[in-house]
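Below is one structure, written out as structure tokens; the observations come after it.
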There are 2 protein chains.
Amino acid sequence: MNSLEEVDDFVKNGHRHYLPHLSIDPVIFGYHDQQLKILLLKWKGLNGWGLPGGFIQRREPLSQAAHRILQERTGLESIFLQQFHIFGDSPYRLQERSTSEFRANYGLEVNDDNWLFERTLSVGYFALVDYSKVSVRTDFFTEDYQWWDVKQVPPLLFDQSEVVEKALATLRLQIYHQPIGYNLLPEKFTLPEIHTLYETILGKELDQRNFSKKLVALGLIKKLAEQRAIGPHRSPYLYQFEKEAYEDALKQGIVHTY
Amino acid sequence: MNSLEEVDDFVKNGHRHYLPHLSIDPVIFGYHDQQLKILLLKWKGLNGWGLPGGFIQRREPLSQAAHRILQERTGLESIFLQQFHIFGDSPYRLQERSTSEFRANYGLEVNDDNWLFERTLSVGYFALVDYSKVSVRTDFFTEDYQWWDVKQVPPLLFDQSEVVEKALATLRLQIYHQPIGYNLLPEKFTLPEIHTLYETILGKELDQRNFSKKLVALGLIKKLAEQRAIGPHRSPYLYQFEKEAYEDALKQGIVHTY
DNA sequence: AAAATATTCCGTAAAATTTACGAATTAAGA
DNA sequence: TCTTAATTCGTAAATTTTACGGAATATTTT
């Protein structure tokens, strides 16, 4: 959606193609430089940051819509994507913005009852993606994008700060029940790398030695013969996820005791 | 909503008061006779069982809508109620039913583009309630209600069997992280009672002795001086939840290790 | 070539938690 | 008073988690 005709049609007729009152807002997590990051878009005109969301087509299954939106925004297919909450307690969205402001910012004519200005509930998804494989596409409404360290996310538009917070909380809880990392790390990685990833996600220190022992004991990762050169120190071995054990753990969950 | 005028207005003008394309469908869990049960309504005309759902008012916060619907259906206020998923992959709802069938069943005139027949996504909530305090109100569309053992739930209308399944799965997972029982048991209960409740929810046996030890060790329950007479056997002591420890555990969660 | 430095990783033991189960206690009926 | 069936107490083994010492290793510096 880049040409002015397309945008005009989207604003004027979008309610015929999309379900009104609902949007999908994915929190896209990536990992780089020992930092957990999320992808944000800068909205033209509104001059603020927000999630790379989209709308659900009238006859499109919800989960399919989520995958489509992610694909359109990042080029990624078949990645870890999970719904975690629907937000509908702060009843306004664009409503806070007047249609005249919209007109001024984008030079588009809109009526006061335009569908984009109605109350919108937001379906929250979170995605875990390989940072290096993302190629972001901006469109008419978004003038910029940036990966932000989760520790330094700026205030977001609408109620989206709450969305990000809840996504992070869900991820932190889930890491106790499911293996995480397959989509956040390159295919081959070192023990210190996955160790730092987990520390970063959980926001606390984990004993290196015990952590590695645990992952190996669970059968989730296996040691390769190769090593990585990292400068003036001992070279760490490379590891790989055990696909089967990983999938099993994803499905069945790592349940603990009572 | 019982008089024919009210119903007619709801069908014809409901889309002005409620958000279209969205419904809230609560899975209401109660506990009785050592069985975990859910409350289902029998829909007049459709001749099938379904969840006691409702719609979201146009300017009403989502969580408030959920509480209102539950209150209207069961008379209960301020109970444990939690959103767990939004279902939108089977894109149809009443759509499968023709408007003519509707006309025949209820004797109401409806157009083919009536809002009730459009695609509807369902926001799933689950509630834990004191079985004995529920007083169900049926209305024009529902002719009967019944508590069903979760092990013997009949096939449900639309995609609601999936909703119930997911609710149960969420409850079973959550029981590892949060105390559960405050809303499902009477104020005073015995160890065997809470023990059976947990076994029933999890669907597996738990050692009585170790289970009790754990609950007491966590400080979640405290022993009272009273006992309950249960016939020709040793009388069990009554217990009560420790409100503070319980609330703490609810908030912080009972996290396990890595 | 040896020493210094920074990092990886192997191994063991203590502590805590979970699991398993024997046996004493108790209330009512026979 | 004895029997029966359920509750409750207590202890020990097994497993898991936590803690931490120290060896191995790849460069740069001396």
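So you know, we letter chains A, B, ... as the sequences are listed, proteins then strands, and number each from 1.
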Distance in angstrom units between A/Lys214 NZ and D/dT16 C1', rounded: 7 Å
Please tabulate, for side-chain N and O atoms in residues 236-251 of chain B, each donor-acceptor pair with protein atoms closer than 3.5 Å (sequence neighbours left out).
from, atom 1, to, atom 2, distance (Å)
B/Gln240, NE2, B/Glu187, OE2, 2.9
B/Tyr246, OH, B/Pro179, O, 3.1
B/Tyr246, OH, B/Gly181, N, 3.3
B/Tyr246, OH, B/Tyr182, N, 3.1

Interatomic distance where CZ belongs to A/Phe189 and P belongs to C/dT8 [whole Å]: 15 Å
Euclidean distance, atom CG of residue A/Leu218 to atom P of D/dT17 [Å, nearest integer]: 8 Å
Euclidean distance, atom NE2 of residue A/His195 to atom P of C/dT8 [Å, nearest integer]: 10 Å
Results of side chain to side chain contact (heavy atoms under 4.5 Å, CB included) for B/Ile86 - residues two or more places apart only: A/Leu62, A/Gln83, A/Ile86, A/Val123, B/Leu22, B/Leu121, B/Val123
Integer-rounded Å distance: D/dT17 C1' and A/Leu206 CG: 13 Å
Residue A/Gln71 excluded, over 12 heavy atoms near CD under 6.0 Å: yes
Non-neighbouring partners of B/Glu72 that pass salt bridge (Lys or Arg N to Asp or Glu O under 4.0 Å), sequence neighbours left out: B/Arg68
D/dT7 OP1/OP2 closer than 4.0 Å to side-chain N/O of B/Lys223: no
Contacts of A/Lys133 that satisfy salt bridge (Lys or Arg N to Asp or Glu O under 4.0 Å) - sequence neighbours left out: A/Asp130
Counterpart residues, side chain to side chain contact (heavy atoms under 4.5 Å, CB included), relative to B/Gln208 (two or more places apart): B/His195
Between D/dT7 (P) and B/Tyr239 (OH): distance, integer Å: 12 Å
Length of the line joining A/Gln208:CD and C/dC10:C1', which is rounded to integer Å: 13 Å
Where protein sits on nucleotides 21-30 of chain C, one letter per nucleotide: B base, S sugar-phosphate only, - none, heavy atoms under 4.0 Å: BB-BBBBS--
Spacing between A/Tyr176 atom OH and D/dT17 atom C1', to the nearest angstrom: 13 Å
